[in-house]
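The chains referred to below are lettered A, B, ... by the order of the sequence lines, with proteins before strands, and numbering in each begins at 1. Just so it is clear, the model here is predicted, and its values are computed rather than measured.
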There are 2 protein chains.
Amino acid sequence: MTATAAQTRPRKRSGNGTARPADADEIGLDALVGHAGYAVRRFQIWIFQDFIRTLGDVDIRPTQYSVLTVIGANPGLSQMAVAKRLGIERARLVHLLDSLEQRKYVKRVKSKADRRSHALHLTSQGETALAKFKRLAAEHERHVEDRIGKENREQLLRILAGFT
Amino acid sequence: MTATAAQTRPRKRSGNGTARPADADEIGLDALVGHAGYAVRRFQIWIFQDFIRTLGDVDIRPTQYSVLTVIGANPGLSQMAVAKRLGIERARLVHLLDSLEQRKYVKRVKSKADRRSHALHLTSQGETALAKFKRLAAEHERHVEDRIGKENREQLLRILAGFT
DNA sequence: GAAGATTGTTGTTGACGACAACAATTGCAG
DNA sequence: CTGCAATTGTTGTCGTCAACAACAATCTTC
């Protein structure tokens, strides 16, 4: 079988208690195949693992990368704005920024316009680091291409463009 | 250029500290657009939220649904086999089954062939319940179609079939 | 100026993945 | 057959992440 299983066959039905251990490779997923959510979840786990592994040397996780990227592209944003844009809760962003600030990639500048908020900026160290992260992220993206194909990856990005 | 953005345009660069609050809708993601992992993560969050909401009345989450489906399609499986097939750790499956067994959807039958393992089965109550869950899951799947389009959903399933 | 909203912060809860340890049981080497 | 390694289910801990709630400081609005 290729990959497009989707065979709605009740499969062998071990029937009695435990005829044989079942090889885990031959277990039918039945209705699960055909659910977009399941496929997407499994793919997302794989893709994140590859990202984490590829950026393992620099110890940057996907969420951290997204925060750095957004700040790098839009210096001076408030935490609220970054959180909203990335779909992160502002409570969660606090810890993320604590870590990134500790590592000297980001600095929180007290905003003069609104003294409640912080203007977020990359440090110069953060900018050069981000450049390196982007190179590694591009390498990761190549792994995705190797796994699902160049055209499929582009198709995927097109289909899901509305969620970014 | 198609989707492989990678446009290295610093965007408007608010420059000074905080020229204006930035509407969160006009914040550039820059390099983030073009990363499959980011789009997939956002989509996966959306799709899970819809699943949880659609199956909210019956209080079934995606992982629980996947476990019930696999057991329903392959009665008599061991916990190890289910865990391997779904990519769940067996330690985690213990709690999932505790919950599902408490709700009388699943029963653990002591296997005679291998007295270490349990043969997993749906109760009759579990079977009728699963039938209802599947109807609700189909409704959820229709929401996905409404969101990304019928053809795109099928394309997506085709692309990601290798991960199920 | 007072009331209500917003921003950053702290804390709690619950789902989830990764690991480590353990008892009971099985399988295998010798 | 015996003893040792491997497997299965279980318990526990740790770290990540989303969802909330509460709070002080500050802004906005009337």
### Task
With sequence neighbours excluded, give me every side-chain hydrogen bond (donor to acceptor under 3.5 Å, both in side chains) pair touching residues 56-67 of chain B.
A:H35-B:Y65
Would you say [N] has OP1 or OP2 under 4.0 Å from some side-chain N or O of [X]?
{"X": "B:R115", "N": "D:dT8", "result": "no"}
{"X": "B:R90", "N": "D:dT11", "result": "no"}
{"X": "A:Q79", "N": "C:dT9", "result": "yes"}
{"X": "B:Q49", "N": "D:dA18", "result": "no"}
{"X": "A:R41", "N": "C:dA15", "result": "no"}

### Query
Of A:F48 and B:R108, whose closest DNA chain D nucleotide lies nearer the 5' terminus?
B:R108
### Message
Under a 3.5 Å distance rule, please check whether A:T123 uses its side chain to pair with a backbone N or O of A:K104 as donor and acceptor.
### Response
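Pair found, side chain donor or acceptor close to backbone of A:K104.
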Once you round it to whole Å, what is the distance between [atom2] of [N] and [atom1] of [X]?
{"X": "B:E89", "N": "D:dG12", "atom1": "CD", "atom2": "P", "answer": "16 Å"}
{"X": "B:R92", "N": "D:dT13", "atom1": "CZ", "atom2": "P", "answer": "17 Å"}
{"X": "A:L96", "N": "C:dT9", "atom1": "CG", "atom2": "P", "answer": "12 Å"}
{"X": "A:R61", "N": "C:dG17", "atom1": "CZ", "atom2": "P", "answer": "13 Å"}
{"X": "A:K110", "N": "D:dT26", "atom1": "NZ", "atom2": "C1'", "answer": "12 Å"}
{"X": "B:W46", "N": "D:dA18", "atom1": "CH2", "atom2": "P", "answer": "18 Å"}
{"X": "B:M80", "N": "C:dT26", "atom1": "CE", "atom2": "C1'", "answer": "15 Å"}
{"X": "A:H118", "N": "D:dC27", "atom1": "NE2", "atom2": "P", "answer": "12 Å"}

Which of these nucleotides, [options], is closest to any side-chain atom of [X]?
{"X": "A:A91", "options": "C:dG8, C:dT10, C:dG17", "value": "C:dT10"}
{"X": "B:V94", "options": "D:dT10, D:dT26, D:dC20", "value": "D:dT10"}
{"X": "B:S117", "options": "C:dG11, D:dT8, D:dC27", "value": "D:dT8"}

### Query
Would you call B:E154 and B:K150 a salt bridge, using N to O less than 4.0 angstrom?
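Judged by the 4.0 Å cut-off on N to carboxylate O distance, B:E154 and B:K150 do form a salt bridge.
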### Query
Can you find an N or O donor on one side and an acceptor on the other, under 3.5 Å apart, linking the side chain of B:R116 with the base of C:dT26?
no
### Query
For B:R108 and B:Q79, what are the C-alpha separation, side-chain angles and deciding distance, and is it a side chain to side chain donor-acceptor pair (under 3.5 Å)?
CA-CA 9 Å; B:R108 289 187 246 222; B:Q79 299 187 192; 3.1 Å; yes
Let me check something: any side-chain donor-acceptor pairs from residues 88-97 of chain B under 3.5 Å, sequence neighbours excluded? List them with distances.
none

### Task
With DNA chain C as reference, determine whether A:I45 or A:D98 sits nearer its 5' end, using the nearest nucleotide of each.
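First, find each residue's nearest nucleotide; the 5'-ward one identifies A:D98.
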